[in-house]
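Remarks on the structure that follows.
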Amino acid sequence: MRHGKTEWNERHKLQGRTDIPLNDLGRQMAAEAGEMYRDIEFDVCYSSPLIRARETAELFLKGRDVPVYTDERLAEMCFGKYEGTENSFDIPDCPINVLFFEPEKYIAEDGAEALEELFARTGEFLEEVVYPQLDKGKNILIVGHGAMNCSIVCRVKNIPIKNFWDCGIDNCRLMKLI
């Protein structure tokens with residue numbers, strides 16, 4: 001699941017690792033999703049440590065006896081100096097836009113995280129945390145972010161980097177992977 005809306009989502013600002021909270025709409029989305037998916041049982045939830053994901057997990061699971069753990073490997077991809085950039089698609093030749101239009105050609109610079117680094121940390125999380133619990137029959141909820149979630153989906157479904165964004169998850173919607 002991807003976190004609920006934030007003010008920066010509304011303003012089309014790149015968030016990345018910048019710790020922006022949910023706005024009122026985001027909180028409402030998380031609570032409504034909790035009701036919509038009430039019949040789906042979870043044994044455990046892992047969330048990004050960023051407040052927008054953590055709060056989404058807590059609101060989504062309110063009233064359920066499901067522990068929520070944070071893991072640094074689930075933080076959003078770092079966009080470096082481009083975090084906070086508003087409407088980057090309207091800026092001709094903005095280097096970060098390559099990530100969104102041609103991810104296979106993206107080269108991280110100016111403090112940004114490479115896709116290889118993102119895939120390494122989410123892959124480690126899957127191997128060390130998720131797969132062992134799935135082998136024990138556990139139903140796991142992961143609450144994260146756009147790019148981070150796409151990296152997990154790509155890894156699990158063997159989707160090539162050029163189709164990285166094709167597997168995105170809408171805010172506060174579940175995607176069953178396994």
Side-chain angles (χ1 to χ4, degrees), residues 1-34 36 46-60 70-123 125 142-175 177:
M1 173 179 279
R2 183 177 178 212
H3 63 79
K5 294 273 187 178
T6 70
E7 288 304 320
W8 280 27
N9 288 137
E10 301 289 332
R11 294 175 54 194
H12 305 283
K13 290 179 80 167
L14 290 175
Q15 292 178 105
R17 295 280 177 89
T18 306
D19 207 3
I20 305 300
L22 296 176
N23 62 14
D24 289 340
L25 175 59
R27 289 182 190 94
Q28 178 184 343
M29 292 172 77
E32 288 175 357
M36 182 176 16
Y46 292 95
S47 170
S48 159
L50 299 176
I51 188 68
R52 59 191 183 268
R54 227 175 45 241
E55 189 177 8
T56 297
E58 291 164 0
L59 289 167
F60 178 79
T70 59
D71 193 299
E72 290 292 329
R73 295 170 290 191
L74 299 178
E76 178 58 304
M77 183 177 188
C78 179
F79 300 130
K81 79 174 195 175
Y82 299 102
E83 291 189 12
T85 301
E86 195 165 337
N87 294 309
S88 71
F89 298 163
D90 295 338
I91 302 169
D93 301 323
C94 183
I96 197 74
N97 290 338
V98 172
L99 172 64
F100 301 104
F101 295 116
E102 297 178 286
E104 71 280 11
K105 295 180 181 176
Y106 176 67
I107 297 171
E109 53 187 46
D110 298 314
E113 182 176 19
L115 282 168
E116 295 80 13
E117 294 170 307
L118 174 65
F119 273 77
R121 67 180 164 87
T122 57
F125 175 78
I142 298 172
V143 180
H145 309 273
M148 188 284 298
N149 284 351
C150 284
S151 73
I152 287 179
V153 175
C154 284
R155 289 186 68 89
V156 170
K157 294 189 173 195
N158 259 344
I159 296 171
I161 294 286
K162 71 179 183 133
N163 300 110
F164 182 77
W165 296 107
D166 294 351
C167 53
I169 304 171
D170 290 335
N171 296 93
C172 291
R173 295 290 178 254
L174 288 179
M175 175 187 283
L177 292 179

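The figures that follow rest on heavy atoms only: side chains count, while hydrogens, waters and symmetry mates do not.
Of all heavy-atom pairs spanning S48 and L74, the tightest one is CB-O, 3.1 Å. Closest approach of R2 and D170 over heavy atoms only: CB-O, 3.8 Å. Minimum heavy-atom separation, M175 to C167: CE-O, 3.7 Å. Annotation for L177 and K157: closest pair CD2-CE, 3.8 Å, computed over non-hydrogen atoms. Taking all atoms of both residues into account, the shortest heavy-atom contact from V143 to A53 is CG1-O, 3.4 Å. Considering all non-hydrogen atoms of both residues, R27 and P21 come closest at NH2-CB, 4.5 Å.
Under the side-chain hydrogen bond (donor to acceptor under 3.5 Å, both in side chains) rule, T6 has a single partner from K13, E55, Q15, R52, which is Q15. For the salt bridge (Lys or Arg N to Asp or Glu O under 4.0 Å) criterion with R121, the lone passing option out of E113, E72, E116 is E113. Of the residues I20, N171, L50, I51, the one that meets the side-chain contact (heavy atoms from CB on, under 4.5 Å) test with H3 is N171.
The local environment of CG in D24 is sparse, with at most 12 non-hydrogen atoms from other residues, nucleotides or ligands closer than 6.0 Å.
Of the possible polar contacts, none joining the R54 side chain to the S47 backbone as a donor-acceptor pair under 3.5 Å is found. Listed for the W165 side chain is no donor-acceptor partner under 3.5 Å among the backbone atoms of C150.
If you take CD1 on I152 and CG on L118, they are separated by 8.5 Å, rounding to the nearest 0.5 Å. A distance of 5.0 Å separates CZ of F100 from CG of L14, quoted to the nearest 0.5 Å.
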Anything under 3.5 Å between a donor and an acceptor, one on a side chain of residues 83-98, the other on a protein residue two or more places apart or in another chain? List them.
residue: E83; atom: OE1; partner: R17; partner atom: N; Å: 3.2
residue: E83; atom: OE1; partner: T18; partner atom: N; Å: 2.9
residue: E83; atom: OE1; partner: T18; partner atom: OG1; Å: 2.6
residue: E83; atom: OE2; partner: R17; partner atom: N; Å: 2.9
residue: E83; atom: OE2; partner: F79; partner atom: N; Å: 2.9
residue: T85; atom: OG1; partner: Y82; partner atom: O; Å: 2.7
residue: E86; atom: OE1; partner: R11; partner atom: NH2; Å: 3.1
residue: S88; atom: OG; partner: N97; partner atom: OD1; Å: 2.7
residue: N97; atom: ND2; partner: S88; partner atom: O; Å: 2.8

Going by atom type alone, with no hydrogens or angles, which donor-acceptor pairs under 3.5 Å involve a side-chain atom of residues 102-109 and a protein atom two or more places apart or on another chain?
residue: E102; atom: OE2; partner: K105; partner atom: NZ; Å: 3.0

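A perpendicular orientation is assigned to the rings of F125 and Y46, their planes being inclined by more than 60° (bins at 30° and 60°).
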Exercise. Using the side chain to side chain contact (heavy atoms under 4.5 Å, CB included) rule, take C172 and T56 through it: C-alpha gap first, then chi angles, then the decisive distance, then the call.
Key: CA-CA 8 Å; C172 291; T56 297; 4.1 Å; yes
Self-check item: side chain to side chain contact (heavy atoms under 4.5 Å, CB included) evaluation trace for L22 with L59
Solution: CA-CA 11 Å; L22 296 176; L59 289 167; 4.2 Å; yes
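Side-chain contact between I169 and M1 is absent, with no heavy-atom pair separated by less than 4.5 Å. A heavy-atom distance below 4.5 Å is not found between the side chains of D166 and I159.
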